[in-house]
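Structure first, commentary second.
Residue numbers count from 1 along this sequence. Counting starts at 1 for both ligands and their atoms, following the listed order. Keep in mind it's a predicted model, so treat the numbers as computed, not measured.
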Amino acid sequence: MKPRPTFPAKLDTTLARNRPSTVGASASTVTKTTAPALPVGTTVRTRSVAAAVSLGHGMESSAVRARMVQKLAGQGITDPQVLGAMGAVERHRFVDSALINQAYEDTSLPIGLGQTISKPGVVSRMLELMRNGQSGKLGRVLEIGTGCGYQAAVLSLLATEVYSIERLRGLHDRARENLRHLRLANLHLLFGDGMEGYAKGAPYAAIVAAAGGEAVPQAWIDQLAVGGRLVAPVVTAGVSGGAQALLVLDKTPQGVRQTVLEAVHFVPLKSGVA
Ligand code: SAH
């Protein structure tokens, strides 16, 4: 499948402005960015410093990203909104400079403190499952495991409000730094134990976890709206060695319906903060 003519959405041009941020470095639990996000598909015709970033392949980052999007489509991702958002967010801005050349490969990469940024293939698969073929944006979405903030940025293009929780202070701070220049007004970064969810933002149209636990915490199910969907890696029951699979949980008026999909490899879901 070929990307639609509007691809890649030019979110990258906003990244290039690199305006000083008004987000403070306070230890408050909620960090809110300040300016409106560009909708997917918005084209801003300003000179893009980001586009001039060489990734070591003699290619503009937008071209490398467009190739990544084509590969994702080739792997079976069909949701145009997901593909558009994946094409819009500059993944190379979220990884260590030593890893920039690998930023658009379908691989997970270390982001510090023993954690990893998920593969683009897995991010897009989870977000496509989360959207479940809906037209338009989702409402409020909760992400467990902000990590470097990459998936949170992609999510912010697919939902009206995104709450993203991280339990490691060092990564919460790093994500805030990584996301500062994007100034995504609808993205709220939280420091805390995501196993408790975030009741203040509930009910959520969707919940996405980037870390895998033994079971889905009851708080997540409670905070999911009826009609909402949760996508999370879970340790597969009965399988030794902690093998994980992707779980899709739909909260319907009749109750909870769970579907276990393919095997995945995520960092473990841990309780408490550090
Ligand atoms: N979406 C992230 C992926 C980060 S890896 C990205 O794009 O980079 C998963 C993250 O989940 C790790 O940073 C880990 O610290 C975090 N995590 C694990 N258990 C958690 C919990 N109970 N609450 C919040 N975050 C948690």
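Within the 3.5 Å criterion, the main-chain N or O of H92 finds no donor-acceptor partner in the side chain of E90.
Ligand 1 has an N or O atom lying under 3.5 Å from an N or O atom of G194, backbone or side chain. Considering backbone and side-chain N/O of C148, one or more are found under 3.5 Å from N/O of ligand 1. Residue K270 has at least one nitrogen or oxygen atom sitting less than 3.5 Å from a nitrogen or oxygen atom of ligand 1, judged on distance alone. The shortest N or O to N or O distance between Q151 and ligand 1 is below 3.5 Å.
P233 approaches V264 most closely through the heavy-atom pair CB-CG2, 3.9 Å.
When only non-hydrogen protein atoms are considered, atom 25 (N) of ligand 1 lies nearest to R167 N, 3.3 Å. Of the protein's heavy atoms, Q115 OE1, 3.3 Å lies nearest to atom 14 (C) of ligand 1. With hydrogens left out, the protein atom closest to atom 11 (O) of ligand 1 is G145 CA, 3.1 Å, a heavy atom. Nearest protein heavy-atom neighbour of atom 3 (C) of ligand 1: T116 O, 3.6 Å. Here the heavy atom of the protein found nearest to atom 9 (C) of ligand 1 is A210 O, 3.3 Å.
A donor-acceptor pair shorter than 3.5 Å cannot be found between the side chains of R91 and Y104.
In E214, the CD atom is not crowded: 12 or fewer heavy atoms of neighbouring residues, nucleotides or ligands sit closer than 6.0 Å.
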